[in-house]
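I have placed the structure first, in the form of structure tokens, so that the comments after it can refer back to it.
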Amino acid sequence: MREVTNDSLSPPRAMTLQHAGGRPGPAAAGPALCDAPHNPPLMPYFIENFTLIRLCLQSLRVISYLYQNANSYLPRVRANLNFSKRPLVKLKAAVSNVFSFRTRTVYCDVKSLLVKTLVQLFVVAKWVVLVSVGRVRWCGRRGSGSRRARALLLLWLSGFSRYSEGRRDNDLHIGGIFPMEGEGGWQGGQACKPAAELALADVNARSDLLSGFKLLLHSNDSKCEPGLGASVMYNLLYNPPQKLLLLAGCSTVCTTVAEAAKMWNLMVLCYGASSPALSDRARFPTLFRTHPSATVHNPTRIKLMQKFGWSRIAILQQAEEVFISTVEDLEAHCKKVSIEIVTRQSFLSDPADAVRNLRRQDARVIVGLFYVVAARRVLCEVYKHRLYGKSYVWFFIGWYEDNWFETNLEREGIECTVEQMREAAEGHLTTEALMWNQNANQTTISGMTSEDFRSRLNEALREAGYDIDGERFPEGYQEAPLAYDAVWAVALAFNKTMEKLEKNGLSLKNFTYTNKKIADDIYEAINSTSFLGVSGLVAFSSQGDRIALTQIEQLTDNHYVKLGYYDTQADNLTWLDRERWVGGKVPPDRTVVVNELRTVSLPLFACMTALCIAGILAAIGLIVFNIMHRHRRVIQWSHPACNTVMLCGCCICLSAAVALGVDGRWVQPQHFSGLCAARAWLLATGFSMAYGALFTKVWRVHRHTTKPKVETKKRMHGWKLYTMVGGLLVVDAALLTAWQLRDPLQRRVEIFPLEAPRHHDDDVHIRPELEHCESEHNTVWLGVMYGYKGLVLVFGLFLAYETRSVKVRQINDSRYVGMSIYNVVVLCLITGPVTLVIASQQDAAFAFVSLAIVFCCFLSMALIFIPKVIEVIRHPTERAESGRGSGSGSAPADEERYRELVKENEELQKLIAQKEERIRVLKQKLAEREAAAADGVTQGTGGGGVGGGGGVLADLATATSDYGTSTNYTRSSRACSG
């Protein structure tokens, strides 16, 4: 893991001549006026290298030569020096550098600076005096030799001495641009510069490399700012000595430097730049880098997404070129494998709004591309918005330091605590190119293993004041091997170039910024360089990019655990199966939306179905009862045919109520349209049959009240009743057929807003769905059907109201029929509109409609048939009436009178039977007496016989008289009842 940042612009410092391996030059042998720090600051060239003592020692070897040739050199020196401007330049540079030094070295720097500035001013003043006196006078005076020698010495001190180091024939100079002290961006120079110094020491210690030459590094701080980096580059180029190559770090600085360096035929080797834009060979023809391109991470990220089944991601990026080009490459890779990028958020400095938008977009797998300072701000916002845990996966850049989320929180104004940052960071994934040789025991080109290098680097950083033992690593610690190997790549390339140039009698010292031939040789040497370094195998692609494997890590328990490696070229993923997810399972790439079909509550459906079945069974029982007692007066005078039709209609309506509760739980979607048609047909035909029978009865009653008496006495034929109900059914069939053919009912799904999960599972949300039976022009068809049924209902209500007090002998239940019509009309007028309003509430709609149907059917059956059933139960022995169908009326009083007359008639019939029996006995006695009388006449006995016969005749006359009376009364009773 590594570090990265961004910073404000400040004036560039003058170059520093850094000797190989960081060893002090001869100047260090002077008096130790101040204790030098472990990591000395960058010093101006003339301050560090030209103390008075060193200048004097270096000038002794040329004093005599200058003294002998003073007359020839003096005019040339005077012409080459601009005395009027140089003191101002020195003072300006001095002031600028004093304010840029670190406070711990200000004393030593200022003291040295003041001494050198005074020397320069003295030389200029002395030279002006000498020139004003004149060359002839100056040369002709006595003692002029000594004065001339002193003048030449001072002139050499001020002018020539600054070139002494650059003119050593055994030094090869390269420039270094290290991001050190910025407040943002990547300040990786803090660890990369010490690593480069170690490499310089190791390279210069090798006798088989750069034979007879030393490699020197001149460096300065760019603070990871492109403008300041360009200024540093110009200072390196325009101040001697000549540079053969530039080392640079930070993508933004490398972009600027590499794009400009081609104008000076300079190779640029970047040790810390991952921007994919740098792979453009047309734009950066002289660029190489030991740091792999950021695009090497994208195939690895795609491979991980495919491994864990993530097909929906989000991207959060900092608005920097390196991340913009990386995101563009990632989008191209995602498009190839059909991975959806749900949102791409970017920010400059404050990521709060961008993170908030990620939550709004329900982003679960998020790729973060930003420098480490911005990464800390992002992680704090992630904690605030709860975008971490078992439902989220974050991909961070792998070159942050291992403890990047715990450091510099107070200094950067992060509002989260260390514990909160640890909680938010737990479980995130990182991808990074391998920057350390994974074989710790493998000896590299420097003779060290990667662990040996780590130990040396740690020791150098400890001396520089870093708490390495407390794992407080400086930025760029992970890239330090890349900087080390970059210096080795330069040394090997220079060595190869020198061998090639020696064949042509040339040397690297012949290189100039206009010498394209030597520049091409250096390019070919670097391009063909390949060696085993502390960062692994160092080789460059045709784009100048480093070829490297990618390492995948996961933060587990505050430590990074290696999960595997990915070889992009071979498309080979080596997985170690060490991943550990919060919650114990792989987080989903989105909120899992479960489409849940809203169905009628099973207990409600069961209850209503039971009621409907009970109603159907009751209707069937009443039909049987109606048929069995169809010749009884109470049944016959209520139009049993209409009653049977009504009961059949109730059965159909109750079946329709059950069908309304049948939904997607029981029926497959492909069969749902058939269910819709069945509902419509059952409800329409059942209503027409049940209500049509009631309507027919009330219509018959109304006709009795408006027709003449003669017509009312006519018997109503059954086919006429069936005709009226049949007419209603024909209209229903025509409408439903047209509806079914032109615009059939289909399954339409109503989708509701997402609902929270029932078991508090953040990964799952419920999307309710409700099935409806609808057609394209559903409103039109419902309007036609409701209009037709509504007219029938209103007309039936009107007829029932008109005949509310009418009693008709031929229809003995007209009042109960009217009450049934009232109930049906009221319930239908309420149910129709209400069901349209509550259609989205399946339980309420089903309960309301089914209860209305059940209530109408049960109430109608009860009003029509309960009185008849009671009557039959009370008088089970009533004989069947003749088919004439006459009666005494339909009112209850008439029925009671009829029953009284029947009872009285039965009593009279019993009395008549008794009288007839008595008459028969008397007639028998009379016959016996007559026979006895006939015998008496024959015998001559006549008086007593007549008397007895007279008594019998008297009894017979009395019995006959009683019989006639009883017979007449019975007939009159029958006539009345008839």
TODO: Just jot down the salt bridge (Lys or Arg N to Asp or Glu O under 4.0 Å) partners of E328, sequence neighbours excluded, or say none.
DONE: none
Open item on the list: Minimum heavy-atom separation for S275 and V322, please, with both atom names.
Closed with: CA-CG2, 3.3 Å
Open item on the list: Does any part of the side chain of L236, heavy atoms only, come nearer than 4.5 Å to the side chain of L246, both counted from C-beta?
Closed with: yes
Open item on the list: So, using side chain to side chain donor-acceptor pair (under 3.5 Å) as the criterion, who are the partners of T326 when residues are at least two apart?
Closed with: none
Open item on the list: Please check this pair: side chain of T550 against backbone of H297, looking for a donor-acceptor N/O pair closer than 3.5 Å.
Closed with: no
- [ ] Report the C-alpha separation of L576 and L563 in whole Å, then their side-chain angles, then the decisive distance to 0.1 Å, and conclude whether the side chain to side chain contact (heavy atoms under 4.5 Å, CB included) test is met.
- [x] CA-CA 5 Å; L576 305 178; L563 302 183; 5.9 Å; no
Pairs under 3.5 angstrom only: tabulate donor-acceptor contacts from the side chains of residues 542-549 to other protein residues two or more places apart or in another chain.
from	atom 1	to	atom 2	distance (Å)
D545	OD1	S279	OG	3.3
D545	OD1	R289	NE	2.8
D545	OD1	R289	NH2	2.9
D545	OD2	S279	OG	2.6
R546	NE	L537	O	3.1
R546	NH1	T290	O	2.9
R546	NH1	S535	OG	3.3
R546	NH2	S535	O	3.3
R546	NH2	S535	OG	2.9
R546	NH2	L537	O	3.1

Open item on the list: Between the side chains of D571 and K303, is the shortest nitrogen-to-carboxylate-oxygen separation below 4.0 Å, so that they form an ion pair?
Closed with: yes
Task: Test ring-ring contact (aromatic ring centres under 6.0 Å, His included) applied to F540 - qualifying residues, sequence neighbours left out - done: F288
- [ ] May I ask you to test the Y388-V582 pair for a side-chain heavy-atom distance under 4.5 Å?
- [x] no
Task: Heavy-atom side-chain contact between V372 and I397 under 4.5 Å - done: no
Task: Sequence neighbours excluded - salt bridge (Lys or Arg N to Asp or Glu O under 4.0 Å) pairs with any residue from residues 555-568 - done: E553-K562, D557-R580
TODO: With sequence neighbours excluded, tell me which residues meet side chain to side chain contact (heavy atoms under 4.5 Å, CB included) with N441.
DONE: N439
Task: Charged N-O contact under 4.0 Å between R206 and D208 - done: yes
Task: Sub-4.5 Å side-chain heavy-atom contact between I177 and N220 - done: no
Open item on the list: Checking V365 against F395 for the side chain to side chain contact (heavy atoms under 4.5 Å, CB included) test, could you report, in this order, the C-alpha distance in whole Å, the side-chain angles of both residues, the deciding distance, and whether it holds?
Closed with: CA-CA 8 Å; V365 180; F395 282 83; 3.8 Å; yes
- [ ] Give a yes or no answer on whether the side chain of S211 reaches the backbone of S207 with a donor-acceptor pair at less than 3.5 Å.
- [x] no
- [ ] Report yes if the side chains of T286 and N265 come closer than 4.5 Å at any heavy-atom pair, otherwise no.
- [x] no
Open item on the list: Quick check: Y560 with H428 (ring centres under 6.0 Å apart)?
Closed with: yes
- [ ] Fit a plane to each ring of W310 and W581, take the angle between them on a 0 to 90° scale, and name the class: parallel (under 30°), tilted (30 to 60°) or perpendicular (over 60°).
- [x] perpendicular
Task: For V232 against D221, the heavy-atom pair lying closest together - done: CG2-O, 3.5 Å
Task: Donor on one side chain, acceptor on other, D202 and Y484, under 3.5 Å - done: yes
- [ ] Answer yes or no: is there a side-chain heavy-atom contact under 4.5 Å between F453 and L198?
- [x] yes
Task: Centroid-centroid under 6.0 Å between F178 and Y271 rings - done: yes
Task: Straight-line distance of N298 CG to T431 OG1, nearest 0.5 Å - done: 8.0 Å
Task: Residues which pass ring-ring contact (aromatic ring centres under 6.0 Å, His included) with F284, listed by chain and number, not counting sequence neighbours - done: none
- [ ] Would you please indicate if the ring centroids of F396 and W404 are separated by under 6.0 Å?
- [x] yes
Task: Where H333 and D329 come nearest, the two heavy atoms and their spacing - done: ND1-O, 2.9 Å
Task: T449 versus D452, side-chain donor and acceptor atoms under 3.5 Å - done: yes
Task: Check: R472 and T407 side chains under 4.5 Å, non-hydrogen atoms - done: yes
- [ ] May I ask you to decide if G470's main-chain N or O and D467's side chain share a donor-acceptor pair within less than 3.5 Å?
- [x] yes
Open item on the list: Does any part of the side chain of T574, heavy atoms only, come nearer than 4.5 Å to the side chain of Y566, both counted from C-beta?
Closed with: no
Task: By ring-ring contact (aromatic ring centres under 6.0 Å, His included) - contacts of F531 (at least two apart) - done: none
Open item on the list: Run the salt bridge (Lys or Arg N to Asp or Glu O under 4.0 Å) test against D521 and tell me which residues pass, sequence neighbours left out.
Closed with: K500, K517
Task: From I366 atom CD1 to I315 atom CD1, the distance as rounded to the nearest 0.5 Å - done: 11.0 Å
Task: Note: E499-K496 ion pair, threshold 4.0 Å (strictly below) - done: no
Task: Value rounded to 0.5 Å, distance of CZ in R422 from CG in L555 - done: 10.0 Å
Task: Interatomic distance, T430 atom OG1 to R301 atom CZ [nearest 0.5 angstrom] - done: 9.5 Å
- [ ] State whether the side chain of D485 and the backbone N or O of V534 hold a donor-acceptor pair below 3.5 Å, judged by distance alone.
- [x] yes
Task: Which residues share a side chain to side chain donor-acceptor pair (under 3.5 Å) with D280, sequence neighbours left out - done: none
Open item on the list: Show the nearest heavy-atom pair for residues P474 and A191, with the distance to one decimal.
Closed with: CG-CB, 3.9 Å
Open item on the list: Has N239 got a side-chain atom pairing as donor or acceptor with N235's backbone, closer than 3.5 angstrom?
Closed with: yes
Task: Closest contact, heavy atoms only, C224 versus P179 - done: N-CB, 3.6 Å
Open item on the list: Would you compute the distance between atom CE of M180 and atom SG of C192 and round it to the nearest 0.5 angstrom?
Closed with: 9.5 Å
Open item on the list: Can you list everything that forms a side chain to side chain donor-acceptor pair (under 3.5 Å) with N558? Sequence neighbours excluded, please.
Closed with: E406
TODO: Would you please indicate yes or no on a ring centroid separation below 6.0 angstrom for F323 and F370?
DONE: no
Task: Ionic contact status for E181 with K223, cut-off 4.0 Å - done: no
Open item on the list: Using 0.5 Å steps for rounding, measure from the CG atom of L210 to the CZ atom of F494.
Closed with: 8.0 Å
Task: Residue pair V418, L409: steps toward the side chain to side chain contact (heavy atoms under 4.5 Å, CB included) verdict - done: CA-CA 8 Å; V418 173; L409 299 183; 3.7 Å; yes
Task: Minimum-distance pair of heavy atoms, taken over all atoms of G229 and V253 - done: CA-CG1, 4.0 Å
Task: Under the side chain to side chain donor-acceptor pair (under 3.5 Å) test, residues paired with R454 that sit two or more places apart - done: none
- [ ] Check the pair Y523 / M267 against side chain to side chain contact (heavy atoms under 4.5 Å, CB included), numbers first and verdict last.
- [x] CA-CA 7 Å; Y523 175 89; M267 299 300 112; 3.7 Å; yes
